[in-house]
Amino acid sequence: MSIMSLYRRNMGGLDRGIRLVLGPTLVAAGLFFAGGMAGEPFGILVALVGLGSLLTGLTGRCPLYVPFGISTARRGTTTRRTSDCRDGKEPPLQRSEQPGARGRTAAGW
């Protein structure tokens with residue numbers, strides 16, 4: 001497992017949608033209904049889980065998926081496939097990474 005695998009998108013649309021709905025719901029439930037605003041540990045824990053869910057839904061990256069090689073993203077949206085990682089091979093370059101590809105790069109900003 002490389003550090004770069006943490007930065008790759010590994011969540012699909014349905015997974016992200018569920019987290020984007022569930023995250024704010026858990027934050028509100030934890031803070032207001034479970035007593036998080038009053039300092040109750042359970043309420044704070046529920047709110048933190050909701051915040052984590054919201055953040056992973058917004059970014060499309062779940063760090064808990066990485067050690068298990070899980071990806072719910074469609075095949076073309078990740079830059080490295082888990083079978084390539086296990087075999088020790090370099091993955092094929094994505095269109096945006098190929099020499100001469102159009103689009104903005106870090107140097108083009």
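All residue numbers refer to positions in the sequence shown, counting from 1.
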If we ignore angles and hydrogens, is there a donor and acceptor under 3.5 Å between the side chains of R19 and S53?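 No, because no side-chain N or O of R19 sits under 3.5 Å from a partner of the opposite role on S53.
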Check: Under 3.5 Å, is there a donor-acceptor pair between the N10 and S71 side chains?
Finding: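 Short answer, no.
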Between [Y] and [X], is there a side-chain heavy-atom distance shorter than 4.5 Å?
| X | Y | answer |
| --- | --- | --- |
| R16 | R9 | yes |
| L58 | L20 | yes |
| F33 | V46 | no |

In this structure, CD of E40 is separated from CG of L45 (nearest 0.5 Å) by 12.5 Å
| message | Using 0.5 Å steps for rounding, measure from the CD1 atom of I70 to the CE atom of M11. | response |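 Interatomic distance, I70 CD1 to M11 CE, rounded to 0.5 Å: 11.5 Å.
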- Query: Are F32 and L51 linked, directly or through other ILVMFWY residues, by side chains that come within less than 4.5 angstrom of each other?
  - Reply: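 Linked, F32 and L51 end up in one cluster.
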When V49, L48, L31 are each screened for side chain to side chain contact (heavy atoms under 4.5 Å, CB included) with L26, the one that passes is V49
Tested for side-chain hydrogen bond (donor to acceptor under 3.5 Å, both in side chains) against Y65, the lone hit among T72, T56, D15 is D15
